[in-house]
Amino acid sequence: MPRDVLLLEEFYDRKTEEVAVDLLGKIFVRRVDGRKLLGRIVEVEAYLWEHDEAAHAVAGKTNRTQILYGPSGHAYIFRLRAHHCLNVVAEPENSPGCVLIRALEPLNYHDYLKENRRKRPHFRIEDLCNGPGKLCQSFKINLDQYGIDLKSLESEMYIIEPYDKIDFDVLITKRIGITKHADWEQRYIIAENSYVSGNKRTNVGQILKRS
DNA sequence: CTTACGATTCCC
DNA sequence: GGAATCGTAAGG
């Protein structure tokens with residue numbers, strides 16, 4: 001197994017939109033139950049700190065949002081109805097931008113991930129982590145992981161460069177499931193990837209050519 | 001304390 | 001299309 005190359009402060013200390021796009025293709029690592037779960041980041045959304053009414057940061061510094069105001073590269077996790085959502089804090093201190101991780105392509109331990117899903121058995125691997133609540137379920141992420149530093153190999157979660165680089169284009173679309181600033185194109189997905197959420201209606205937008 | 005409200009998911 | 005579900009934050 002190749003060694004893990006962490007994403008560090010200089011990666012996260014940039015504009016939220018840039019961090020969001022560049023997180024695509026990176027590998028999310030989760031150490032739990034003696035396993036090292038790997039998931040390729042295939043879908044994200046940017047929540048800005050300036051003029052973004054949809055961002056939780058508009059509430060200011062509260063108990064829930066305080067981690068957004070600290071250093072970048074930490075996990076901002078919140079509860080939504082019966083589910084959890086995982087975000088990565090971007091931008092320098094006191095700039096509360098963050099990136100919502102909306103979908104992962106699960107790379108190993110597929111049976112373990114399936115067992116972590118509550119409802120009936122899911123046989124399609126594509127449906128294991130194609131949504132912010134789903135990936136937290138299958139990767140066993142909840143409020144206990146709030147604030148974890150994703151820039152340390154000692155953490156139970158961190159983000160690294162992919163072991164094998166892959167080329168892909170990026171599709172830019174409107175964000176999903178919000179009412180405020182619903183027209184902002186701040187959702188980024190790996191084009192042609194079958195592990196993303198959404199549907200034919202939602203997954204339309206501009207193609208950003210890479211490579 | 002009470003109430004309104006979701007960055008969701010699953011079922012019909 | 002609609003229900004389930006519960007912590008958060010604001011207001012009395």
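From a predicted model like this one, the values you see are computed outputs, not experimental measurements. We name chains A, B, ... by the order of the sequence lines, and we start the count at 1 in each one.
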Strictly below 4.0 Å: does [X] bring a side-chain N or O up to OP1 or OP2 of [N]?
| X | N | result |
| --- | --- | --- |
| Arg81(A) | dC10(B) | no |
| His56(A) | dA7(B) | yes |
| Arg102(A) | dT8(B) | yes |
| Lys180(A) | dG6(B) | no |

[atom1] of [X] versus [atom2] of [N]: gap in Å, rounded?
| X | N | atom1 | atom2 | value |
| --- | --- | --- | --- | --- |
| His84(A) | dT5(C) | NE2 | P | 15 Å |
| Arg124(A) | dC10(B) | CZ | P | 13 Å |
| Tyr76(A) | dG7(C) | OH | P | 15 Å |
| Arg117(A) | dT9(B) | CZ | P | 8 Å |
| Ile176(A) | dA7(B) | CD1 | P | 13 Å |
| Ile77(A) | dA7(B) | CD1 | P | 17 Å |
| Gln137(A) | dT9(B) | CD | C1' | 8 Å |
| Leu68(A) | dT8(C) | CG | P | 14 Å |

SB check [X] [Y] (cutoff 4.0 Å):
| X | Y | value |
| --- | --- | --- |
| Arg31(A) | Glu156(A) | no |
| Arg14(A) | Asp22(A) | yes |
| Asp169(A) | Lys209(A) | yes |
| Glu45(A) | Arg102(A) | yes |
| Asp183(A) | Lys174(A) | no |

### Nucleotide of dT5(C), dA9(C), dT9(B) approaching Ala82(A) most closely (side-chain heavy atoms)
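Shortest atom-to-atom distance from the side chain points to dT5(C).
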### Task
Please determine, for the side chain of Leu80(A), which listed nucleotide (dC6(C), dT9(B), dA7(B)) has the closest atom?
dA7(B)
#### Entry: Closest-nucleotide 5' rank along DNA chain B - winner of Thr179(A) and Leu135(A)
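First, find each residue's nearest nucleotide; the 5'-ward one identifies Thr179(A).
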#### Entry: Aromatic-base stack, Tyr47(A) on dA7(B), cutoff 5.5 Å, angle under 30
yes
### Query
Ser197(A) and Glu43(A): side-chain donor and acceptor closer than 3.5 Å?
yes
### Task
Would you check if the side chain of Asn108(A) reaches a backbone N or O of Leu38(A) as a donor-acceptor pair within less than 3.5 Å?
yes
### Query
Just the dot-bracket of DNA chain B, please: which string comes out with Watson-Crick or G-U pairs under 3.5 Å, [ ] for crossing, | for another strand?
||||||.||||.
